[in-house]
Amino acid sequence: MERGKDERLGGEPGVEVLHLTEDRITFMLNNVDISVANSLRRVMLAEVPTMAIDLVEVKENTSVLHDEFIAHRLGLIPLRSEMAAQFNYARDCTCDDSCPRCSVKFTLDVKCEEAHRRNITSKDLVSEHPDVVPIDADGLGDDLGGIVIVKMGRGQELRIEAIARKGIGKEHAKFNPVGTVAMCADGAIDLNHDALSTLPLDKIYEFVNTPTDDPPGNCPAKVLLYNDISKAIQVNEQAVDEEKARDINFFDKMAYFAEWWNDFNQLKDKTAPELIRIRDRPDRFIYSVESTGVMPPALIAKVAIDVLREKVNQLQREVAKGVEDAMDGHGYAMAM
Ligand SMILES: [Zn+2]
């Protein structure tokens, strides 16, 4: 039941994808310290570059919303950003104001000629770059699809020119590519077989198959199995893998389950041993990353790893330069 001492020695860092959909990835990062794991989480939140509308020039606005309100709403429209790496940051670009290397121009020119109200949505925005366009937001509860910018009545008009630029979530939340990044340590389930063997058979069945309407002592189905022949309870590792890919809080739930059963076993005798223990794996972390739709979730993870690597490289260069400068100052020569 003791934590294995060799777990921290580990090997090379590695990534294992547990589950992948169009807007969400669940993956495991192996053989890293919590500081590295948390750095990756923070980079995914705040330092993966994306495109967003950053400059708005209102030519005509007779809608009910004032210019600043509309500019703010335009900035928050998620734009497809797979190409963001190919753009310069506006502050680093050699142009004076904006150019195709750092900016994408958008226009919106709509007049409501219809008898009834008309929704102006992200679909009315026209981009001059084929790959930097508002995300496909069909099915968000609007007839036309797209993200509603303003609702206009008959005769109202909106003419706008806007410029999208590259940025990161640290500068403004509109550049954040993720809805959520959840991270937790991987876990392991240790069963105390000697203590479990003292339970009556009906309690053993309850332990491996607790009714689902009993949440504190509830264990996800098939994670624990009772072998009638060997008379032993086993951890079903395949079910554990499936559950942690499905629910990042799986080990938290198992910890409740363990606490409930250990308390039960110690009701009559406080010195009775624990039946089950859930322990953290300090070198393995599970992430669940949900994209806002601006880029595939796997790309967010990949770009974040690249950003983190570049930070370490930069640090290495700075340290080398600092040492070199210090050596020069003291008249030493350094072979590098
Ligand atoms: Zn430029």
Side-chain angles (χ1 to χ4, degrees), residues 1-11 13-14 16 18-19 26-38 40-41 180-288:
M1 299 279 283
E2 286 298 305
R3 175 176 286 173
K5 282 206 170 63
D6 57 344
E7 280 181 8
R8 274 188 171 274
L9 296 176
E16 183 190 338
L18 303 176
H19 191 63
T26 307
F27 65 92
M28 174 101 70
L29 187 62
N30 298 321
N31 298 322
V32 295
D33 189 69
I34 189 163
S35 57
V36 176
N38 196 40
L40 181 64
R41 182 187 69 85
T180 56
V181 179
M183 180 191 103
C184 70
D186 190 22
I189 301 169
D190 292 329
L191 296 174
N192 184 343
H193 293 286
D194 290 341
L196 284 166
S197 66
T198 64
L199 285 180
L201 197 58
D202 63 323
K203 282 293 165 198
I204 285 181
Y205 282 132
E206 213 178 297
F207 183 77
V208 298
N209 192 20
T210 317
T212 49
D213 56 355
D214 188 10
N218 185 18
C219 171
K222 295 182 183 150
V223 165
L224 300 173
L225 300 175
Y226 180 64
N227 189 325
D228 279 311
I229 299 163
S230 67
K231 308 280 181 211
I233 296 172
Q234 297 161 342
V235 177
N236 180 357
E237 294 297 344
Q238 192 187 338
V240 169
D241 287 346
E242 285 169 12
E243 286 298 327
K244 66 190 182 189
R246 197 179 60 79
D247 179 5
I248 195 162
N249 296 317
F250 167 67
F251 284 107
D252 284 345
K253 288 182 179 167
M254 287 304 292
Y256 276 119
F257 170 81
E259 194 183 334
W260 193 90
W261 276 96
N262 291 333
D263 285 349
F264 166 80
N265 199 42
Q266 290 167 347
L267 269 182
K268 285 184 192 142
D269 177 5
K270 288 268 178 255
T271 61
E274 291 181 332
L275 298 173
I276 175 171
R277 180 180 291 177
I278 311 301
R279 62 188 159 90
D280 281 350
R281 297 280 314 262
D283 58 345
R284 293 156 63 95
F285 297 88
I286 307 170
Y287 295 77
S288 177

### Message
Quick one, Val240 and Phe251 - any side-chain contact, counting heavy atoms below 4.5 Å?
### Response
yes
### Task
Side-chain contact test, heavy atoms from C-beta onward, threshold under 4.5 Å: evaluate it for Val223 versus Met254 and give yes or no.
yes
Minimum heavy-atom separation for [X] to [Y], with atom names?
X	Y	value
Lys203	Trp261	O-CH2, 3.7 Å
Ala272	Asn265	CB-O, 3.6 Å
Phe285	Ala185	CD2-CA, 3.8 Å
Ala182	Ile248	O-CD1, 3.3 Å
Lys231	Asp228	NZ-O, 3.2 Å
Ala245	His19	O-CB, 4.0 Å

#### Entry: Aromatic ring proximity, centroids under 6.0 angstrom, Phe257 and Phe207
yes
Just verifying a value: how many Å separate [X] [atom1] and [Y] [atom2], rounded to the nearest 0.5 Å?
X	Y	atom1	atom2	answer
Tyr256	Ile278	OH	CD1	13.5 Å
Arg246	Asn249	CZ	CG	10.5 Å
Ile204	Thr198	CD1	OG1	8.0 Å
Thr26	Ile286	OG1	CD1	9.0 Å
Glu274	Asn192	CD	CG	8.5 Å
Asp186	Leu18	CG	CG	8.5 Å

Looking only at atom types and distance, does a side-chain atom of [X] sit under 3.5 Å from a main-chain N or O of [Y], one as donor and one as acceptor?
X	Y	value
Tyr205	Tyr226	no
Asp280	Pro282	no
Asn30	Arg284	no

### Message
side chain to side chain contact (heavy atoms under 4.5 Å, CB included) for Asp33 and Asp283? Distances and angles first, verdict last.
### Response
CA-CA 6 Å; Asp33 189 69; Asp283 58 345; over 6 Å; no
### Task
Walk me through it: do Asp247 and Lys244 pass the test salt bridge (Lys or Arg N to Asp or Glu O under 4.0 Å)?
CA-CA 5 Å; Asp247 179 5; Lys244 66 190 182 189; over 6 Å; no
### Task
Scan for ring pair (Phe, Tyr, Trp, His ring centres under 6.0 Å) pairs involving residues 229-249, sequence neighbours excluded, and state none if there are none.
none
### Query
Should the heavy atoms of other residues, nucleotides or ligands under 6.0 Å from CD1 of Ile34 be counted, would the total exceed 12?
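No, CD1 of Ile34 has 12 or fewer neighbouring heavy atoms, counting only those of other groups under 6.0 Å.
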### Message
Quick one, Gln234 with Asn236, criterion side chain to side chain contact (heavy atoms under 4.5 Å, CB included). Give me CA distance, side-chain angles, the key distance, then yes/no.
### Response
CA-CA 6 Å; Gln234 297 161 342; Asn236 180 357; over 6 Å; no
### Task
I would like to know whether Leu40 and Met183 meet side chain to side chain contact (heavy atoms under 4.5 Å, CB included); could you show each step before the answer?
CA-CA 10 Å; Leu40 181 64; Met183 180 191 103; over 6 Å; no
### Query
Between Ile276 and Leu191, does a side chain to side chain contact (heavy atoms under 4.5 Å, CB included) hold up when you go through it step by step?
CA-CA 5 Å; Ile276 175 171; Leu191 296 174; 3.8 Å; yes
